[in-house]
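Read through the structure below, which is laid out as structure tokens, and then see the notes.
Below, read A as the first sequence line, B as the second, and so on, with proteins coming before strands; counting in each chain starts at 1.
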Protein chains: 2
Amino acid sequence: MNKYIDFLKTNNIKVTPQRIAIIELMDQYGHISVRDIFAKIKANFPTLSLATVYKNINAMLESNFIKELKIVGHDSKYELVKEDHSHMICNECGKVEDIDLETKTLITDAKKISNYSIDESNIQLFGICPECR
Amino acid sequence: MNKYIDFLKTNNIKVTPQRIAIIELMDQYGHISVRDIFAKIKANFPTLSLATVYKNINAMLESNFIKELKIVGHDSKYELVKEDHSHMICNECGKVEDIDLETKTLITDAKKISNYSIDESNIQLFGICPECR
DNA sequence: GTACTTGCAAATACTTTGCAAGTTT
DNA sequence: AAACTTGCAAAGTATTTGCAAGTAC
């Protein structure tokens, strides 16, 4: 947790209890929606406002501390920024999991074919997780 | 265009001028947002309602005639369903382009690592297109 | 003490729904 | 003629903004 607090300080984002609660949830769940953040924090922290959640998410997105994940059929989810990784999504239970895949070849091919420079990739694979099968 | 009209008929979706206009735009632009569909059609067809655009998009999504593309930092875009492909997105001009990439290895790896079955993939690569560099 | 953040209420934006009139088949 | 679609207005949901009071540093 301390590394997160240090990050906030370094980026001149003041450390408030609301922010710590949001970051803890992202750390715990990996990927979480605004609706779920609000519901979970509100339970122990009844004065929390939805506007505060949105403002904080937007602030943390701007400083590149968290990342938005848009997934067809789901609300947007947010995750703490970490090394690049891909996502597996279970069509049965809705779970989203990180997975480390070797993407070098894919990206090299894409550069060759498209003549784009490439900064970032978003790779999502949909299927059924082992627990749901 | 006729293949699209046939598809609608086969799926018991009535062929209206509004629907034809939406499909023509998707065919022409490849990927287009609700906002842009509405603006472009409204120009020649002033009575068109936004609700009609939404209803039609939802009907076409349900019959799997079109697909939604969620892209971070962009409005959702819609495309006609065709063979699987990936997307290149230019961070400068915002353009979205199809690209055919070999994804077999990636998907095989993912199955092995995660033990998921995999039905579908969403691969987006962000960078700068040749025209913007 | 200054500057930023919070919570509330209001505003804006986005999407869906109900229904009467019109269209497609 | 039956069934579906359209456009409008209203409702519902999601997100942002303004501002006074409170908190972090």
Rounded distance (Å) that lies between atom P of D:dA14 and atom NZ of A:Lys77: 13 Å
For A:Arg19, is there any backbone N or O sitting under 3.5 Å from a side-chain donor or acceptor partner on A:Thr16? yes
Under 3.5 Å, is there a donor-acceptor pair between the side chain of B:His87 and the main chain of B:His85? no
What is the separation between atom CG on A:Leu8 and atom C1' on D:dA24, rounded to the nearest whole Å? 13 Å
Below 4.0 angstrom from OP1 or OP2 of D:dT13, is there any side-chain N or O of A:Arg35? no
Residue-phosphate contact under 4.0 Å: B:Gln18 side-chain N/O, D:dG7 OP1/OP2: yes
How many whole angstroms separate atom NZ of A:Lys70 from atom P of D:dA14? 15 Å
What is the separation between atom CG on B:Asp36 and atom P on C:dC14, rounded to the nearest whole Å? 12 Å
Rounded distance in Å - CZ (A:Arg19) to P (D:dA24): 11 Å
salt_bridge(B:Lys95, B:Glu131) N-O dist < 4.0 Å: yes
Measure from CG on B:Asp75 to P on C:dC14 and round the result to the nearest Å. 7 Å
Main-chain N/O of B:Ile123 paired with B:Ser121 side-chain donor or acceptor, under 3.5 Å: no
Under the ring-ring contact (aromatic ring centres under 6.0 Å, His included) test, residues paired with A:His74 that sit two or more places apart: none
A:Lys111 side chain to A:Asn115 backbone, donor-acceptor under 3.5 Å: no
Does CZ in A:Arg35 sit with more than 12 non-hydrogen atoms of other residues, nucleotides or ligands closer than 6.0 Å? no
Just by protein heavy atoms under 4.0 Å, how would nucleotides 16-25 of chain C read 5' to 3' in B, S and -? BBBB----BS
Sugar-phosphate, base or nothing in reach of A:Thr52, heavy atoms under 4.0 Å: base
From CZ of A:Phe45 over to C1' of C:dT6, roughly how many Å is that when rounded to an integer? 9 Å
Taking CG from A:Asn11 and C1' from C:dA3, how many angstroms apart are they, rounded to a whole number? 17 Å
Dot-bracket, DNA chain D: Watson-Crick or G-U, under 3.5 angstrom, [ ] crossing, | other strand? |||||||||||||||||||||||||
When you measure from the side chain of B:Ser114 to the backbone N and O of B:Ala110, does any donor-acceptor pair fall under 3.5 Å? yes
Side-chain N or O of A:Asn12 closer than 4.0 Å to phosphate OP1/OP2 of C:dA3: no
Quick one: does any side-chain atom of B:Asp27 pair with a main-chain N or O of B:Ile23 as donor and acceptor, under 3.5 Å? no
